[in-house]
Amino acid sequence: MADLYGHLPRGPAGVMRAAKWSLLGLRAAWLHESSFRLEVCMFVVLGPLGWHLGATGVERVLLIGSCLLVMAMELMNSSMEAVIERYGAEHHELAGRAKDMGSAAVFVLMVNVVLVWALLLLPRWL
């Protein structure tokens, strides 16, 4: 039974429902978003590389986590774009601005990946 706010009870069953919905979201992103597929492919390369090149646990978290953040923001950007498209394909200044800002957020996190990797790894090789 839901509470007054419509929230279903948590517990193991609630966790399983949330995990199922998350997996459905990842599947939808993989099927419908070429940018997400590209970022996953990059992570398949950079994730193990970051694990190998990170000298400490903190370095590994920074190298791998920076890549995960890009994928998470891509999911947010794609979900926002889907909602905007739901209301029609006609051009609206605010819809265009929202889409551009979502893309900019992904770009900023990509710059973050480059900075993290460069600042952690370049000093070892110079």
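Below, all heavy atoms of this structure are taken into account, side chains as well, without hydrogens, waters or symmetry copies. Computed from a predicted structure; not experimentally measured.
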**Student:** Considering non-hydrogen atoms only, spot the tightest contact between Pro123 and Ala118 and give its length.
**Tutor:**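 Minimum heavy-atom separation between Pro123 and Ala118: CD-O, 3.6 Å.
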**Student:** Same cluster or not: Val113 versus Met76, using hydrophobic residues (I, L, V, M, F, W, Y) connected whenever any side-chain heavy atoms lie under 4.5 Å apart?
**Tutor:**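 Hydrophobic grouping puts Val113 with Met76.
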**Student:** Please walk me through it: do Glu59 and Thr56 pass side chain to side chain contact (heavy atoms under 4.5 Å, CB included)?
**Tutor:** CA-CA 5 Å; Glu59 286 187 359; Thr56 66; 3.5 Å; yes
**Student:** Quick one: which of Asn77, Leu94, Ile84 gives a side-chain contact (heavy atoms from CB on, under 4.5 Å) with Lys99?
**Tutor:**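 Filter result, single survivor: Ile84.
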**Student:** Do you reckon Leu126 sits in the same ILVMFWY cluster as Val114, going by side-chain contacts under 4.5 Å, direct or chained?
**Tutor:** no
**Student:** Nearest 0.5 Å, please: how far is CG in Leu121 from CG in Leu63?
**Tutor:**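 Leu63 CG to Leu121 CG: 5.5 Å, rounded to 0.5 Å.
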**Student:** Between Val106 and Val70, what is the shortest heavy-atom contact and its length?
**Tutor:**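 So the two residues come closest at CG1-CG1, 4.4 Å.
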**Student:** Measuring from Glu74:CD to Leu69:CG, what's the distance to the nearest 0.5 Å?
**Tutor:**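 Interatomic distance, Glu74 CD to Leu69 CG, rounded to 0.5 Å: 13.0 Å.
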**Student:** Can you find a pair of side-chain heavy atoms, one from Cys67 and one from Trp117, that are under 4.5 Å apart?
**Tutor:**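 Counting from C-beta outward, Cys67 and Trp117 do come under 4.5 Å.
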**Student:** Among the clusters formed by ILVMFWY side chains lying less than 4.5 Å apart, do Phe43 and Met110 turn up in the same one?
**Tutor:** no
**Student:** Nearest heavy-atom pair of Met80 and Gly102: which atoms, and what distance?
**Tutor:** CE-CA, 3.7 Å
**Student:** In terms of hydrophobic clustering (I, L, V, M, F, W, Y; side-chain heavy atoms under 4.5 Å; direct or indirect links), are Leu75 and Leu23 co-clustered?
**Tutor:** yes
**Student:** Does Trp125 belong to the same Ile/Leu/Val/Met/Phe/Trp/Tyr cluster as Leu115, with side-chain heavy atoms less than 4.5 Å apart forming each link?
**Tutor:** no
**Student:** Output the distance between atom CG (Leu68) and atom CG (Leu46), rounded to the nearest 0.5 Å.
**Tutor:** 10.5 Å
**Student:** Return yes when atom CZ of Arg124 has more than 12 non-hydrogen atoms of other residues, nucleotides or ligands closer than 6.0 Å, and no otherwise.
**Tutor:**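 Yes - once you tally the heavy atoms of other residues, nucleotides and ligands closer than 6.0 Å, there are more than 12.
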**Student:** Decide salt bridge (Lys or Arg N to Asp or Glu O under 4.0 Å) for Glu93 and Arg97; before the verdict, give the C-alpha distance in whole Å, the side-chain angles of both, and the deciding distance to 0.1 Å.
**Tutor:** CA-CA 6 Å; Glu93 179 185 347; Arg97 190 183 315 163; 2.9 Å; yes
**Student:** Side chains of Glu81 and Ser103: closer than 4.5 Å at any heavy-atom pair?
**Tutor:**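 Yes, close enough: below the 4.5 Å cut-off.
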**Student:** Out of curiosity, Met42 CE to Glu39 CD, how far, rounded to the nearest 0.5 Å?
**Tutor:**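 Between Met42 CE and Glu39 CD, I get 9.5 Å after rounding to 0.5 Å.
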**Student:** Identify the heavy atoms of Ser66 and Asn112 that sit nearest to each other, and give their distance.
**Tutor:**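 In terms of heavy atoms, the two residues are closest at CB-ND2, 3.8 Å.
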**Student:** If I take atom CD1 from residue Ile64 and atom CG from residue Leu53, how far apart are they, to the nearest 0.5 angstrom?
**Tutor:** 10.0 Å
**Student:** What's the spacing between Arg60 CZ and Trp51 CH2 if we round to 0.5 Å?
**Tutor:**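 If we round to the nearest 0.5 Å, Arg60:CZ and Trp51:CH2 are 5.0 Å apart.
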**Student:** Taking all heavy atoms of Trp30 and all of Phe36, pick out the closest pair and write down the distance.
**Tutor:** N-CD2, 3.8 Å
